[in-house]
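Have a look at the structure below, then the notes.
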Amino acid sequence: MQIMTLIEDNLKDNPATGSHPPPGSNFIRAIIEEDNRAGKWNGRVETRFPPEPNGYLHIGHAKSICLNFGLAHDYNGICHLRFDDTNPEKEEQEYVDSIRDSVRWLGYDWGSHQHYASDYFDKLYEFAEYLIKQGKAYVDSLTADEIRALRGTLSEAGTNSPYRERSMTENLDLFRRMKAGEFPDGAHVLRVRIDMSSPNINLRDPVIYRIRHSYHHRTASKWCIYPMYDYTHCISDALERITHSLCTLEFEDHRPLYDWILDELAEVVPCHPQQIEFARLNLTYSVMSKRKLIELVENGLVDGWDDPRMNTLAGVRRRGYTPESIRLFAERIGVSKADSWIEMSVLEDCLRHDLNERATRRLAVLEPLKVVIDNYPENHEEECFAPNHPQKLELGTRTVHLSKIIYIERSDFMEAPSKGYFRLSPGMEVRLRYAYIVKCVNVVKNADGEVVQIHCTYDPGSKSGTPGADQRKVKGNIHWLSAKHARQAEVRLYDRLFSHAHPDAGEQDYKTFLNPNSRKVITAYVEPSLYQIQPEDRFQFERHGYFIADARVTTPEKPVFNRAVTLRDSWIKASG
Ligand code: ATP
Ligand code: MG
């Protein structure tokens, strides 16, 4: 499989703000434009995003959402949100709500077009009776195992069920009694009569109805028979008059069944959408199957569905991703017919790209080291001015106070500097960002030999922003906070959830690749202005990365920050 790192082509305009690729720029657009030229749908473009409400949406779904809603938007069409709820045991209202939230958060609106497959249960039943009457469906009374055993293999044809030739009357009677609840689960199924020797196993008389005495989240106990996905999906598309039914490649072999069912029902459902398959998103350092995501949640390996390390949309949102960055990602990766892996760094770069433009800059010292400026007057403090955005001066400046004792980042001091280290070390000078040049004159250590405090002197003529002062250049430029003014805040340093690029590709259980360092909680010092913020406000902590005020626990009295992404990709070596 091809590994994709960056596609720069789509970046020439500014996709984060909603521009879209030129016409015909992917094969689906080419199909739509050809259909429009030929007048196939009278210029109508109607798509749908059809999640099963059995889990939270993940970043893979975002690809499908952006594609379906994006195409509808670009061709003045409509995109439906359809809950594909044919599986009563696994579906819940919580999932429906979270799916609606996530699609809306991504910036899409389905208007009045919210549907449920369960809205069509009556019709689906009616069409099943129609197929029976046409001699195209029969009730089979084999067990699931027996049906499987007769299905054949890729190289061997299947065998007809002994019940395949039941009379139409008997089939209808049995099917009605299945519906009436006369039989236990598994006693009978309804199958379509296609061809047990078809080279395509999906066409070997697939089951379209099964008995399930289960409570359904919307139809309650009305039904004890439920239609199967393949049967339901094409009919739901047709009833909603979908024009282009986009799905992932694993459904390619199901397309003949999709078409067979709609052809057989042409008289009663006069619409036949076109199924078009595209490659699903595979993202390195993550798992994309709902079953595995549920397992992570249920086993407490993460803190719920919106744990900032999860690749659910609720998770990436809490992590600090913006809807714009996800839409940019969908645009950068494009759509194709070939399966590929997308590097996690592509997703992370999209966030950097978006937040670099938009995030206000702030100072935070994550791992503090105390510095005393010996020649700075006691009890004195002064204002320094820091731009809110280095390129967007119209966003103004903020005041950062300086006083005699400050904190710098521990990593900005080295007692014995390595070659090329231009930050603080004994006898060396650095500029305190937006303030003065300081020189390290002394180092204080504890009994273990660990540096606990350093002493500097400052050059009073070197203050940033005063005429002439910036001319005196020093190589290092570090951030700092006045000890007297800085405030403490909890900061959660998140990293990738898995330390292996393909956690579920090999023999080993994907859970063994969980990254033990995916979350580190620290108490940092931050600018006082970071206390007057709202949940979900995003900032760049200078030299550290992009951070978001956690949506769940941030209050004005106690901000808590999640690191969304570092400023640079620290995984390049690891994944190379
Ligand atoms: P499961 O993991 O249970 O098979 P699913 O991921 O297929 O579920 P659905 O709710 O059926 O989940 O998905 C809704 C839509 O999202 C489908 O049209 C599906 O093709 C699409 N989709 C799901 N995963 C991806 C992915 N990784 N990339 C692109 N589209 C996806
Ligand atoms: Mg699915």
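Order of appearance sets the numbers: ligands from 1, and atoms from 1 within every ligand. These figures come from a predicted structure and were not determined experimentally.
The N/O atoms of T248, backbone and side chain alike, include one that comes under 3.5 Å of an N/O atom in ligand 1. Residue P51 has no N or O atom closer than 3.5 Å to an N or O atom of ligand 1. Below 3.5 Å of separation, one finds an N or O of K290 facing an N or O of ligand 1. Inclusion of G60 in the set of residues having an N or O under 3.5 Å from an N or O of ligand 1 is warranted.
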Item to complete: Dump the intermediate steps for side-chain contact (heavy atoms from CB on, under 4.5 Å) on N68 and Y108, then the final yes or no.
Response: CA-CA 10 Å; N68 280 292; Y108 297 109; over 6 Å; no

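Applying the salt bridge (Lys or Arg N to Asp or Glu O under 4.0 Å) rule to K222 yields the partners D122; only residues at least two apart in sequence or on another chain are considered.
Legend: salt bridge (charged side-chain N to carboxylate O under 4.0 Å, His left out) pairs involving residues 497-507, not counting sequence neighbours, sorted by first then second residue: K292-D504.
Below 30°, between 30° and 60°, or above 60°: for F49 and H61 the angle between ring planes is above 60°, a perpendicular geometry. Note: F513 and H500 have tilted aromatic rings, judged against thresholds of 30 and 60 degrees for the angle between ring planes. The aromatic rings of Y226 and H216 sit parallel to each other, their planes meeting at less than 30°, with 60° as the upper class boundary.
If you number the atoms of ligand 1 from 1 as listed, the ones under 4.0 Å from a heavy atom of M288 come out as 27 (N). Contact atoms of ligand 1 toward H58: 6 (O), 24 (N) (distance under 4.0 Å to a heavy atom of the residue). Close approach to S64 involves these atoms of ligand 1, each under 4.0 Å from a residue heavy atom: 16 (O), 21 (C), 30 (N). Of all atoms in ligand 1, numbered sequentially from 1 with element shown, those under 4.0 Å from a heavy atom of P50 are 14 (C), 18 (O). Near E52, meaning under 4.0 Å from any of its heavy atoms, are these atoms of ligand 1: 9 (P), 10 (O).
At a 4.0 Å heavy-atom cut-off, ligand 1 does not touch F251 at all. Here R291 has no heavy atoms under 4.0 Å from ligand 1, in either its backbone or its side chain.
For E250, the closest heavy-atom approach to ligand 1 does not fall below 4.0 Å.
Around the NZ atom of K40, the shell of radius 6.0 Å holds more than 12 heavy atoms that belong to other residues, nucleotides or ligands.
Screening R317, R319, R318 for a side chain to side chain donor-acceptor pair (under 3.5 Å) with D306, the sole residue that qualifies is R318.
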